[in-house]
Each structure stands twice: as C-alpha cells, then as structure tokens.
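Okay, so here's the structure we're looking at.
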Amino acid sequence: MANAQAALSPAPPLRLLPSVDQVLKAEAARAAVERHGRQAATQAVRDALDERRAALKAGAGAPATPEEIAAAALARLDAAAAPSLKPVFNLTGTVLHTNLGRAIFAEEAIEAATRAMRNAVSLEYDLDGGRRGERDDHVRGLICELTGAEDATLVNNNAAAVLIVLNTLSPGKPALVSRGELIEIGGAFRMPEIMRRAGAELAEVGTTNRTHPRDYRDAIAPETGVILKVHTSNYRIEGFTAEVPPRDLAEIARAGGVPLVNDLGSGTLADLSRYGLVHEPTVREALAEGADIVTFSGDKLLGGPQAGFIVGRRDLIARINKNPMKRALRVDKVRLAAIEATLRLYRDPDRLAARLPTLRYLTRSREDLAAQAARLAPHLQRILGAHFTVESVPCRSQIGSGALPLETLEGVGLAIRARDGSGGTIGRLADAMRRLPVPVIGRIDDQALVLDVRCLDDEAALVASVTALEGAHELA
Ligand SMILES: *Cc1c(COP(=O)(O)O)cnc(C)c1O
C-alpha cells in the first residue's frame, strides 16, 4: 500500500524518517531528557515525528535528520515549560497597573514572604501562651498605630472587604449610597452588584451630580443597615455638584443610629503631600472625620500585596470577624508576612520613599528620569538600527488603580518612531517587545512607542532583553 502510494506521488518515502530511538540518541534529545524528563522528551519526539510524517504525506517538506527532529522536540518542550506568569518591564507610565499586578513589594516584604514560604510560622499560634492565636493579631497593633483605629481585620482584597462589611452590617437592609458614588471599577467590580451579592438592599440617595444632607436624613429609616460612602476613585464629577462632607455625613449617621462605612479604595497611610504629591485622603483622616468603618486596598497606594483592610470600631470589627465569610476571604501566611513587613516601613516616614517601590517611583525627580532616559536612548538606537529613531521626550505618568485619577506626574519617556513614519511598523515593534523573554510594555502615542522610564529599576536588564531585537529589520 505504501509502495503503491509512493509510486503515485512524488512525496519522499516515509521510511526515510528516523526512528524514535534514533532521535533520542541525538544531542538535543539528551538535553530534552535532562531538562524535562524521559517521559516528556519521548512524547515530544513522537509528536515531532508525527508532525513531520503528516507533512510528508501532504507532500510538504523533506525527511529530517535525527538532530533536526530532536531540536524541534526540545524547542517545543522549552516553550511549554516557560512560565505563563512572566516578569515584565512596566514602562506604561502607570505605576499601579492593575493588569500588571499593581504594587511591587519592598525588599523587606519580599524577605518576610520568603521566610513564611520556607518555614512553619506562628500564624495562628500564640507563642506566649502556647495556645491557639489569631492571624490578625500579627498586624492589628500596627494598623491601629498607623491609622488611629480601635481595631482592624484583613481579607483577600478591598472588594472582599466591601462585601463582608455590607453582608455583616446591612443584610437584607437598606444601605444608603449617593447616586454620585455608584461606581464601577474595571469590569467586574460594580458597587450596585457587589451590594446585591452582599445581601444588602441598595437605597440610592440624591442625584448623580448633587447629594445634600437632607437626602440622607430623609432616607434613614429604622431598618437602615449602613450609610456607605464610596471614594469616587477613578473619575470626578465636576460642574454643578454637591456632596455631603464626611464630617456632616458622620453626624447624620450618628443621629440616625446607623454606622457610616467609608470605602476609600486606594486609601493611603502616609500624607502624600509630605513627599511632594497631591494629597489623597488618608485612612487616619477618614476615621477622624467620623467613619465607623473604613476599607482600603493593600496593593494600591499602600504599596504592599493584594489585601483588603477593614478598620474602625471594635464592636463592628468583632461582628465582621464572626461572619463565616471571613474564613472564605482571609489572607494566607505569605501575604500576611509581607503586609506586616510593609506596614513596619510606615513607622519611619523619612525613609519610606526610599524603601517602598510604589512611593519611590511616584517621587522620582525629573532630573533623575531625564538622566536615565538619556543613558538608555543610545543603547536602544543602536539595537533597533537605522529604521527607527529613539529620543527622550517629556510625558505624563499616572498613579493608576484609581488613585488621584486626574492627577498626572511629569515624567520622561523614550519615544521610538519608525523612520518611514509608519504606524504599522510601530505596532509590529510593540508586538515584538511584548514577545521578548522579559516583555517590555510601553504605550502607543501618536505613531510612537513611548517607554516611560518611571518604573524602570534595572537598566542593564532592559538593554539585555531588547538586544534580542537587534537590527529589527523584519519589523520595518
Ligand atoms: C480599587 C477599589 C476597590 C476594589 O479594591 P480591590 O483591592 O481591587 O479589590 C473598591 N472600592 C474602591 C473605591 C476602589 O478604588
């Protein structure tokens, strides 16, 4: 049958393909066994042979040597073994980029997390009494010291914090929210939806642009669960607007006998104006203004791992901790260790900007950014070659994650343009940069690929990664 087919078609005979055993003796196959194990290597060789056989049957390609088949198998195994979650260079200019994992940990937090990964830890073990302890105990004191709160607890993220707070304090009961604060934060987090899932009944107050004290007063009823104030963290309503100042809202809540919950989102523990940034409401201020509970994220301006902080009145925190949801939403030992270490850095505000990467990036001077861009430009120009131009340009960086949405920071970027002015070429370059072993993520702006250097620590590593594009001829 095979002979009959061979006689009819010009395709080379399949028997010229090497056997699995022959391929496994090739150099690349030995490397494949060494790196990926005998079973995976053998399977990959079989797959590579099958593919070549199918190609030959279809009249494409020529028989291959054992080395060629082995090399194909090794390449496939290496590609499959590369991690899917890769480190990238965040040169987008957005410091807290949700899609790129938000805050980068401080070294102290990395060390603490690593220790917790390697060892058994006193997670829920009271070393003084030799009894069962509570995981929140490791950070409660620090959080209270840094915020002035009576008590505190931690959950998986701020969305979880809002969920458990509403589920505990307003189950089946109206939760009053201003119509101007019914926010959506990136696809899945919509305040009305979260409230419904928490079992609270959404009671809208006021209008989109104006909400007055009497709107809240009129809406409070004996069955009201909470008043919820939401930091409109990713937009601002401007023009003919009115909102009730937090202090007045706290008074209304107190008079009505309802707790006031303030969802700060990116609540910060430090006064950012101290570091030359625009002031963002601090958690301490929100509590001092009379909120009974404040919720905020761990991986936004705080600069730590993903977590949701719930701080405020002791009696309310105790009720939240009794909610069975707490068990489903709690944080693990690794994050707890990183959170504790991150919070400790806040005790020394003088050195905070040097130690906490988020704050360090946000406070880099223009001169520092310009000097870095100037050092990098000639390297990139040399690597990318004559088809591209690379120049330092002023640009605007953003904090990201909804913090200070309208404030941008003066930054410096490297603008890469195609010499022929083609946007298609720049699109292909951006594509190729995303496919590098350590991907480089910039932003396209007016036919240029702009690499904002604000979050770049390791210049040499960037140059090494981009070197793979040397010449970049096929892009132009
Ligand atoms: C970001 C944000 C959230 C969600 O916080 P995560 O930590 O991302 O879960 C909730 N509310 C506000 C106001 C926010 O800004």
Side-chain angles (χ1 to χ4, degrees), residues 1-89 99-101 383-388 416 418 420 422-442 444 449 461-476:
M1 185 69 192
N3 283 344
Q5 226 171 35
L8 290 174
S9 90
L14 298 175
R15 68 186 150 70
L16 289 186
L17 280 177
S19 69
V20 172
D21 280 342
Q22 282 169 325
V23 176
L24 281 172
K25 289 197 182 89
E27 186 78 38
R30 281 206 290 275
V33 171
E34 177 70 28
R35 274 181 231 168
H36 306 286
R38 172 158 301 277
Q39 188 177 322
T42 309
Q43 188 58 49
V45 166
R46 284 211 178 93
D47 293 346
L49 281 169
D50 284 349
E51 213 165 80
R52 189 56 72 121
R53 194 171 295 119
L56 288 175
K57 273 189 187 157
T65 62
E67 267 304 337
E68 283 168 331
I69 299 287
L74 177 60
R76 186 175 312 185
L77 285 169
D78 282 349
S84 167
L85 185 68
K86 292 190 177 83
V88 304
F89 289 101
N99 304 132
L100 299 181
I383 293 165
L384 295 176
H387 293 302
F388 295 94
I416 305 172
D420 62 8
S422 153
T425 306
I426 284 306
R428 281 194 295 283
L429 178 66
D431 229 53
M433 290 223 175
R434 275 200 313 277
R435 287 173 216 276
L436 288 168
V438 187
V440 176
I441 320 285
I444 303 267
L449 174 62
L462 175 71
V463 172
S465 184
V466 176
T467 295
L469 298 176
E470 199 120 39
H473 298 301
E474 73 283 5
L475 298 170

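Excluded from the calculations below are hydrogen atoms, water molecules and symmetry mates; all remaining heavy atoms, backbone and side chain alike, are included.
- Taking 4.5 Å as the limit, some side-chain heavy atom of H36 sits within range of a side-chain heavy atom of D78.
- D47 contributes atom CG, which lies 9.0 Å from atom CG of L77 (distance to the nearest 0.5 angstrom).
- For R46, there are no salt bridge (Lys or Arg N to Asp or Glu O under 4.0 Å) partners two or more places apart in sequence or in a different chain.
- Using a 4.5 Å heavy-atom cutoff, the side chains of I441 and M433 are not in contact.
- S19 and L49 get closest at one heavy-atom pair: C-CD1, 4.2 Å.
- Here the CD1 atom belonging to I426 is positioned 6.5 Å from the CD1 atom belonging to I444, to the nearest 0.5 angstrom.
- By the side chain to side chain donor-acceptor pair (under 3.5 Å) test, D21 is found to be paired with no residue, residues two or more places apart in sequence or in another chain being considered.
- Looking at heavy atoms from C-beta onward, L429 lies in side-chain contact with L384 at the 4.5 angstrom threshold.
- Side-chain contact between R53 and L17 is present, with heavy atoms from C-beta onward closer than 4.5 Å.
- The salt bridge (Lys or Arg N to Asp or Glu O under 4.0 Å) search around E27 returns R30, not counting sequence neighbours.
- In this structure, the separation between OG1 on T425 and CD1 on I416 is 12.5 Å, given to the nearest 0.5 Å.
- Note that OG1 of T42 is 5.0 Å distant from CG of L24, once rounded to the nearest 0.5 Å.
- Taking A70 as the reference, V23, A26, A28, A29 meet the side chain to side chain contact (heavy atoms under 4.5 Å, CB included) condition, with sequence neighbours excluded.
- Residues P87 and P439 share a closest heavy-atom pair of O-CD, 3.4 Å.
- Annotation: side chain to side chain contact (heavy atoms under 4.5 Å, CB included) contacts of V438 (sequence neighbours excluded): F89, S465.
- When the side chain to side chain contact (heavy atoms under 4.5 Å, CB included) test is applied to V33, the partners found at least two apart in sequence or on another chain are R38, A41.
- Taking both residues in full, the closest heavy atoms of L436 and V440 are given as CD1-CG2, 4.0 Å, listed atom of the first, atom of the second, then distance.
- In this structure the side chain of R35 reaches within 4.5 angstrom of the side chain of L74, judged on heavy atoms.
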TODO: May I have the step-by-step check of salt bridge (Lys or Arg N to Asp or Glu O under 4.0 Å) for D431 and R428, ending in yes or no?
DONE: CA-CA 5 Å; D431 229 53; R428 281 194 295 283; over 6 Å; no
